[in-house]
Amino acid sequence: MAAPAQDPPSFSTSLANTRRLTGSSLPHQSKPAQLLVAIESTLSSTLGTSILPHSPTAYFTSLLQCLEKACADEVSGKGDDEEMAETENMGQGALIPATLYLLAIVVPETPSSVVQSKISPVLECLLPLFETALDHPPALRSLLQITTSLILVSSPGLLSSSPLLKKAWNYLLELNLDPRPKVRHLAQEGVRKVLVTPIPPRLTPGAHSYLPRAREWTMNILEEEVRSGGGSKGKKARFADGEDGEGKRAIWVVQGLRGWVAVWGDEQLSALCGVLLSLPPLPHLTPQIYSLLAHLLSPPPADAAGPKPSVLSNLPTILDSLLSSPPGVSDTPTYLSAITSALIKMSLQDDSLLPTYLPKAFNLIFHNILLSPSASPAVLTAAADAVGRQGILRYCIPDEAILSTLTYVRQGSHVPGARKKQKTPFLYKLITSVTEAMNTHALRLPYLFTILTALISRLRLRVLPGDNAQVDPSGCGKTAAEELVLSLVKEVGDLRHQKGFEAKDKVDEVVGMAIEVIGVEGVLSILPLNIEPDASGSAPQPGRAHLLPLIRAKTTNDSLAFFASYFRPLSERLFEKKVAAEDAGRAAEAKVWEVVVGQIWDCFSGFCEMPRDMKAGLTTPFLSLLTSLLYTQPLLLPSLLRGLSLLVSSTKTLLNSTTASEELKKQFGLDQSSAQENMELLKGLAKDMVSVFLNVFSKLPRESRGMVGEVIGLWVGIMTEKDIIETYNTVTTHLSNSLHTQEPPAPGASPISHTMLDLLIIFVPHLPPAQSLALFNAASQSTVLEHKDATVQKKAYRLLKRLLEADKLGKKGKEGLEGFVKKLGEAGEGVGPGAQRDRLQLLAALVESLPKDSLHIIPELLSEAVLGTKEVNERARDAGFDLLVVMGRKMASGGQVKVEGGEAEDDEDMVQGIVQANAEEYLTMVAAGLTGTTPHMISASINALSRLLFEFKDDISESTTSELVSTLNVFLTSKNREIVKSALGFAKVSIVSLPLSVLSPHLPQIVPALLGWVHDHKNHFKSKTVHIFERLIRRFGFDEVYRHAHEMPEERKVLQGIRKRKERAKKKKAARGDDEDDEQKPRTSSGNAFDDILYNSDSDISDDGSDDEGQDAARGANARGRKGQQQQQQQPQQNKKGRQAGAAAGGATYIRNEGDEPMDLLSRSIAGGIATSDPTAQSRRRKPGQDASHFSTDKSGKMVIAESDSDNDNNNGGAANPNAAAGSAYIAGQTSVDGFHRDSRGNLRANKNTKRARQEERDAMSMAMDEDGEGGAGAGTAGNKKLEERRKKRKAMGLGEEFRAKRAGGDIKRNNGPDPYSYVSLGQASAKMKGKGGQRINLTNKKKGSRG
């Protein structure tokens, strides 16, 4: 996948990136940077300002003077050493390349009038440099960029009259053939930009003054290639390594032409196509030609607001040339795309020629390419698409062709031996060819299914009955697909049940398209479900329950009455079988019937999407059944709700459609008048249905109500106003009665007050204005806002927010906003837990609805918004930040803010206690919180200022921003950690988002203040501060930041450490290879730019370990030696070989030969034996039950595990492991009675000397000695003899004997011992362990010969 195109860096960013390379060791980097710094220093002293960057005009003037002087010096220096002087002047580190590099940045940003006034002097300097720069690509690339910019800004008159511009254009064209890719691509992009950019006052591209010259040059190069046959017989190459080989020049021209062929001109397209087809068939040139032809001939989008598609007079000749000269296998996909584009172009330009060319194209694509035995998978896919969904069937078969084919079939002309009344239509030949190929080419079935799917999709035309087929204008007749390909669909559907058939997904595509086009009823008539058992109790074969998911996914615009008459009785019968199976205790069978019933009702939603017969489908019995299912079947609730919502939404969509009624009737069998009738029917049912939904809503738990609420909103939206008011009154009555009741709800149910508030929130968009205002006044009462139930408060705030957003309160409601704000202020003290977020969101909606003359309410709400940024709940904090931003945008949009008279006495901008609203005034209001008396308020104010500075940095003056930064820097030295934490966040935001010109004056204060926290680990202050310094160094450079830390020598070491780590990271990155440098990892984002800056640490320095850890890793790498390095180098090569082998085998096909019967290769049933993987490889894989095959079974089928004859098979083990007790000293120190351990606080504690601890120590020692084996030292002593006897006794015990309790009845688990159960693999139990020293496993704990 190609990477998304990135916007070019801004002017200031480009200059900053150049400026930072002043100290680079590479001359081609340092020279432009030094020249830029010198020019900026001169401009700063001349203009009297140090703010960077200066205006583009100033840079352009200075660089032009520098270029003129350099060129004059070059000319004056010419003599005997001319060639050497030119080479020196254009080499790395020279003045002219540096000047050109900076001009390439400056010229596009300079005003057009300034550039036009200096075009002649600039071109007089630039044009002589082209010959010199041919051997120096960096300078040549800069020249190309400057030349492109100069031509783009030139006026039409200047383009026509200036010989210098024409000469520059010729250079640009000639460099399209440069053998160096970067230079050539820049020249091609320059030509494209010039030709496709409209010249004012034109709004569309084309008719450029230099377009004729570009066409002439292109045609000359292509004609020369035609004459030379792709060789190098033409004139000598202009460039040093530009010898033409295998048509490289033609390839480069075609590549560049693709960018601007859209403006070539309709009159000249025919000649261009002719030349392209005359080019020699060279390996890399031919695909480029076919790709360009496909692009050239492709029609514009149907909704493109452009001129009529161009007319190609030689389109038949182009098609004849394409059809008569098929390319090699590798070029076939692009060749097919060119043919497809030409046929589509012909269908739009002159469809009368299609009967002549369609049979030729189809015969070539289908018979010669698709059915070719040697075609690759890529070619087969391209051929199937060319015939199907992207070519002939989709675009080149008109309705008349379908009608003529139907007439041909209805008149019986297709019957063998019958008298033909008309010529066999092409479409009938196509269907016959596909059918025959399915019978004879089983290996091509997946690709034939793709064509069949496109064929069924095209045959969705609905026709009238009769011998002469005609289009049904009402859209209610049968589709053409039902008459022409229904039998073929049945054959394809039957293939799915053949043993071993692999292309089931393709069969499902065919059947799914048939369901979509023909309808469910037509498909089920030939492919019945066969789900219900017959009288004998067995279901008919083959069973097709797999059709139910297809019906659910593909059904639309179908018959709702068919669902009610076919699927409803079927589901009832299957439900009865489920109940009967449950009563009989057959739980598995009952679950199967339950799943099938669920799948049937999953199909219900498809029949509800624009049904053709809504009135016939929504009968009273069917609606009664739906109501009953809504109440009694919670598992079917999602499917029912989805269908009932689609009934309303699809009818609304059709009712509001702007498509012509005739077209809608033809396509869907419905139009706007039908939709209006259906809507009236639904409105009559709305009141009763909403009552049912409300009852269902109230009975569901809170977490399951979302979908029911959406459906209630849809159906309430179509109710009459009278019904809405009546339902609203009922809900509010229940709410008022239950708001202050003390009765607890039933277990698992929500309180009635919560349910009623949720319903009112759903009703808000549909309430009349009078009810909206009454509800607003009722919900804003203190009895609701200060309710003891926090959930009631939360829902009340949410209800008020929805009412404000609906904007239905009218003038009277907006006049009472001040009183509403007063009520909110009084209720602020009693806000319950969890309601703060909804309250802040309500305040945001309130601020957005304020008129411009009521902005004085904002200062009253400001303190609560600021404190909201310190909420414990994350969502509440986000709501607080959002509220601050909403307030800022409201203030920035303009208006007036009333202030107290005393505040306005000394301010000139305030007139009669009124100030103009803007972003700066808003920031001043927020900054007043910095004078708060509590650290909490000061910290919240700093957080608020951080967010507002990031959001409105472009709307406030630099002086205000500078003053804000200097003020907030003071808080970095505070002794309160809460304040410092917020101040660090502000510092990070300002460093990342503010321009360098604003930050530079504050560096002497920022750096020392931040260095004061680099050694403080508490609250992650060190890591935060280090990351801020990384950002500072990234923007200002290390030297600039380090210079301001001279007064703190100890803290400066942190900066040096950052630099070392950064250099080390660069070295590691370079050591990994150049490929990883190109593929940069995308940065993780939370979706909020402010949060990404404040919380993310996108450091490019690795923090994995210290210097010592890095040295250890290096030593470890050296210790691995050359063998380890070779293994690491071989691993990716082996992986690459494996991938190549897999790719090579991707197109392999195998035929399974199962059984002894002869194989009929001509039978369609052979498709069931086709596999894409090697069948012999499957026999070598590990199969389920492979280990179990080592055991015999008894008559009942149980596995019999035989015990070994010898109890001492494993007693002949090897010598003891001398390292078995390694690390035992540490374990003994932790567990012995003489050892020590550390508690949870890290304090050292002595182990307790208890009887139990001593016993555990003895057990541990005995187990350790047992593991040493018989060969250990001192095995013959008396103590060891006892241990040896104990070990033999333990080995004689059966599996699990060590867990048996001495006096209890069950197993026990000892401290620090294993669990009293074990997992033993069948492979371990069946293996012969003699002589291998493994542990003897006795699964049955029975002695040999015992029956017990």
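FYI, the numbering just counts along the sequence from 1.
- Salt bridge Asp508/Lys504: absent, no basic N to carboxylate O contact under 4.0 Å.
- If you check the side chains of Asp671 and Ser674, you find a donor sitting under 3.5 Å from an acceptor.
- Checked for salt-bridge contact, Glu483 and Lys478 miss the test: no charged N lies under 4.0 Å from a carboxylate O.
- You'll find the side chain of Leu371 stays beyond 4.5 Å of the side chain of Thr440, heavy atoms only.
- In this structure, the side chains of Lys490 and Leu527 come closer than 4.5 Å at one or more pairs of heavy atoms.
- Using a 3.5 Å distance cut-off with no hydrogens or angles, the side chains of Arg258 and Ser291 do pair a donor with an acceptor.
- Counting heavy atoms from C-beta outward, Met219 and Val275 have side chains that approach closer than 4.5 Å.
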Pair Asp399, Arg458 - check salt bridge (Lys or Arg N to Asp or Glu O under 4.0 Å), show working. CA-CA 9 Å; Asp399 291 348; Arg458 182 62 190 93; 2.9 Å; yes

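- For the pair Ile221/Trp252, no side-chain contact is recorded, criterion being any heavy-atom separation below 4.5 Å from C-beta on.
- Side-chain contact between Leu654 and Leu670: present, with at least one pair of heavy atoms (C-beta onward) separated by less than 4.5 Å.
- Atom OG1 of Thr218 is separated from atom CH2 of Trp260 by 3.5 Å, given to the nearest 0.5 angstrom.
- When Ile456, Thr405, Thr479, Leu455 are each tested for a side-chain contact (heavy atoms from CB on, under 4.5 Å) with Leu484, only one passes: Thr405.
- Relative ring orientation between Phe562 and Phe607 is described as tilted, the plane-to-plane angle lying within the 30° to 60° band.
- You'll find the ring centres of His497 and His546 inside the 6.0 Å limit.
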Could you walk me through whether Leu403 and Leu461 pass the side chain to side chain contact (heavy atoms under 4.5 Å, CB included) check? CA-CA 9 Å; Leu403 295 176; Leu461 186 69; 4.1 Å; yes

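- Under the salt bridge (Lys or Arg N to Asp or Glu O under 4.0 Å) criterion, Asp472 pairs with no residue at all, not counting sequence neighbours.
- No side-chain N or O of Asn468 forms a donor-acceptor pair with one of Thr407 less than 3.5 Å apart.
- Applying the ring-ring contact (aromatic ring centres under 6.0 Å, His included) definition to pairs two or more places apart or across chains, those involving residues 375-411 are Tyr408-Tyr428.
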Should Arg496 and Asp505 be marked as a salt bridge (Lys or Arg N to Asp or Glu O under 4.0 Å) after you check the CA-CA gap, both sets of side-chain angles, and the distance that decides it? CA-CA 9 Å; Arg496 196 182 195 279; Asp505 55 339; over 6 Å; no

